[in-house]
Amino acid sequence: MTEPPRKTPQRDDFARSEETIRQQRERLAPAQQRRVAPDAGTLARRRTLLRWAKWVLPATALLLLSSIAVWPEVDRLINANSAAIREISKVKIESGNLVGATYRGVDEHDRPFMVTSDSAHQANPERMDLTNPAADILTQGGDWILVRSQKGVYMQHADILDLTGEVTLYRNDGLMMHSPVADIDIKRSIIASDSWVRAEGPFGVLDAKGYLLSQHEGIAQFRGPGRLILNDDRGSHPADGKAS
């Protein structure tokens with residue numbers, strides 16, 4: 001008994017024509033863009049961009065590092081400006097008067113001073129009328145003096161402060177002086193009065209007809225006739241005379 005002849009296996013795709021295979025390959029192959037060689041203008045622009053990048057990128061990095069280094073100082077200035085703005089916001093102008101006025105400066109010896117008042121009225125370009133003025137002054141020896149009164153006149157260009165109405169001078173070593181009027185030359189750090197004055201302090205009590213205090217020279221002069229009562233002599237009779 002003879003076996004039937006075996007058929008050779010065949011694949012249908014082998015029977016495709018060359019044209020069919022070419023079309024199928026074109027559909028399956030990804031689309032490829034043709035690269036065109038750049039012209040001279042494009043190459044010049046690329047070179048310019050590279051040159052700029054070589055300078056801009058390091059400069060940007062340096063700027064960032066510098067900003068990190070100076071940021072603490074910038075933050076301090078921002079906080080200082082914020083504090084100044086808050087202080088300015090407290091100042092109000094009502095009916096031509098400046099409420100909560102503050103004036104700061106330095107004298108001719110570069111020591112700071114400050115003049116404040118509850119309100120200030122600009123009488124003319126030179127004169128300011130003050131209500132409840134107070135002057136903070138730093139002496140040459142580092143002491144602190146506060147002079148206040150009910151009313152005052154501040155001459156801006158001359159830096160002269162005229163005080164009237166229960167003038168009180170206090171120094172941080174315990175000295176306190178009372179007089180009806182007093183004149184302060186802020187630039188020269190001189191306080192003077194031609195009216196009666198009572199001074200009280202660790203030394204005792206002094207009454208006089210006037211006084212002059214020079215903070216730079218460290219001089220205190222009192223015009224007599226006057227009366228001086230020392231603490232050690234309070235039990236004895238006070239002696240009248242000229243005190244200086």
Side-chain angles (χ1 to χ4, degrees), residues 99-121 127-156 158-244:
V99 179
T102 301
Y103 177 74
R104 293 183 176 89
V106 294
D107 61 16
E108 61 183 13
H109 304 290
D110 293 329
R111 291 191 299 266
F113 67 85
M114 181 175 64
V115 178
T116 61
S117 66
D118 291 348
S119 64
H121 175 71
R127 172 174 173 165
M128 293 282 292
D129 295 335
L130 309 178
T131 302
N132 294 327
D136 293 283
I137 303 173
L138 187 65
T139 68
Q140 184 182 16
D143 294 327
W144 168 73
I145 292 179
L146 173 64
V147 187
R148 62 170 65 250
S149 66
Q150 295 177 340
K151 296 181 180 180
V153 174
Y154 179 53
M155 309 302 290
Q156 299 182 72
D159 278 325
I160 300 294
L161 182 61
D162 298 330
L163 303 177
T164 57
E166 297 183 9
V167 179
T168 300
L169 182 150
Y170 175 78
R171 196 166 62 185
N172 61 344
D173 61 357
L175 174 65
M176 183 174 292
M177 299 171 59
H178 302 276
S179 62
V181 297
D183 299 326
I184 304 177
D185 187 337
I186 299 178
K187 281 296 184 182
R188 298 171 58 193
S189 296
I190 295 177
I191 306 173
S193 175
D194 58 358
S195 182
W196 65 265
V197 58
R198 163 161 285 202
E200 301 178 12
F203 64 91
V205 179
L206 170 65
D207 294 321
K209 294 295 185 179
Y211 68 91
L212 183 144
L213 303 178
S214 177
Q215 308 306 321
H216 178 66
E217 302 295 338
I219 296 175
Q221 294 180 345
F222 295 88
R223 182 167 56 88
R227 183 180 65 170
L228 173 62
I229 303 177
L230 298 177
N231 282 334
D232 293 339
D233 299 336
R234 285 185 179 274
S236 61
H237 298 286
D240 294 338
K242 182 177 180 180
S244 63

Looking only at heavy atoms, the pair that brings Asp173 and Pro202 closest together is O-CG, 3.6 Å
Quiz item: With under 30° as parallel and over 60° as perpendicular, where do the rings of Trp144 and Tyr170 fit, or are they tilted in between?
Solution: perpendicular
Discussion item. Assess the residue pair Leu130 and Lys151 against the criterion (side-chain contact (heavy atoms from CB on, under 4.5 Å)); give the C-alpha distance rounded to whole Å, side-chain angles, the decisive distance to 0.1 Å, and a yes or no.
Written reply: CA-CA 6 Å; Leu130 309 178; Lys151 296 181 180 180; over 6 Å; no
Practice prompt. Before giving the answer on side-chain contact (heavy atoms from CB on, under 4.5 Å), spell out for Leu206 and Tyr211 the whole-Å C-alpha distance, their side-chain angles and the decisive distance to 0.1 Å.
Written response: CA-CA 11 Å; Leu206 170 65; Tyr211 68 91; over 6 Å; no
* Asked: Got Leu212 and Ile191 here, is their nearest side-chain heavy-atom distance under 4.5 Å?
  -> no
Shortest non-hydrogen pair, Gly201 vs Asn231, comes out as O-ND2, 4.0 Å
Looking only at heavy atoms, the pair that brings Asp194 and Arg223 closest together is O-NH2, 3.2 Å
Margin query: Counting C-beta onward and ignoring hydrogens, is there a side-chain heavy-atom pair between Arg227 and Arg198 closer than 4.5 Å?
Written below: yes
Next on the checklist: side-chain contact (heavy atoms from CB on, under 4.5 Å), that's the test. Do Leu163 and Val181 meet it? Break it down for me.
Outcome noted: CA-CA 6 Å; Leu163 303 177; Val181 297; over 6 Å; no
In this structure, CZ of Arg171 is separated from CE of Met177 (nearest 0.5 Å) by 9.0 Å
**Item:** Any side-chain heavy-atom pair of Glu108 and Arg188 under 4.5 Å
**Value:** yes
**Prompt:** Given side chains that start at C-beta, do those of Ile190 and Ile184 come closer than 4.5 Å, heavy atoms only?
**Reply:** no
Closest non-hydrogen atoms of Thr131 and Ser117, given as atom of the first, atom of the second and distance, are O-CB, 3.5 Å
Taken to the nearest 0.5 Å, the spacing of Asp107 CG from Lys187 NZ works out to 7.5 Å
message = Could you check whether any side-chain heavy atom of Ser189 comes within less than 4.5 Å of a side-chain heavy atom of Arg111, counting everything from C-beta outward?
response = yes
Distance col, row Gln156:CD vs Leu161:CG, nearest 0.5 angstrom, shows 11.5 Å
### Message
Within the structure provided, determine whether Leu213 and Leu169 are in side-chain contact (heavy-atom separation under 4.5 Å).
### Response
yes
Q.
Is there a side-chain contact between Glu166 and Pro180 in this structure, where contact means two heavy atoms from C-beta onward sitting under 4.5 Å apart?
A. no
Next on the checklist: Side chains of Ile229 and Phe203, heavy atoms from C-beta outward: is any pair under 4.5 Å?
Outcome noted: no
Minimal heavy-atom distance between Trp196 and Ser179, with the atoms involved, is O-CB, 3.3 Å
message = Less than 3.5 Å apart, any donor N or O on the side chain of Asp129 or Tyr154 sitting next to an acceptor on the other?
response = no
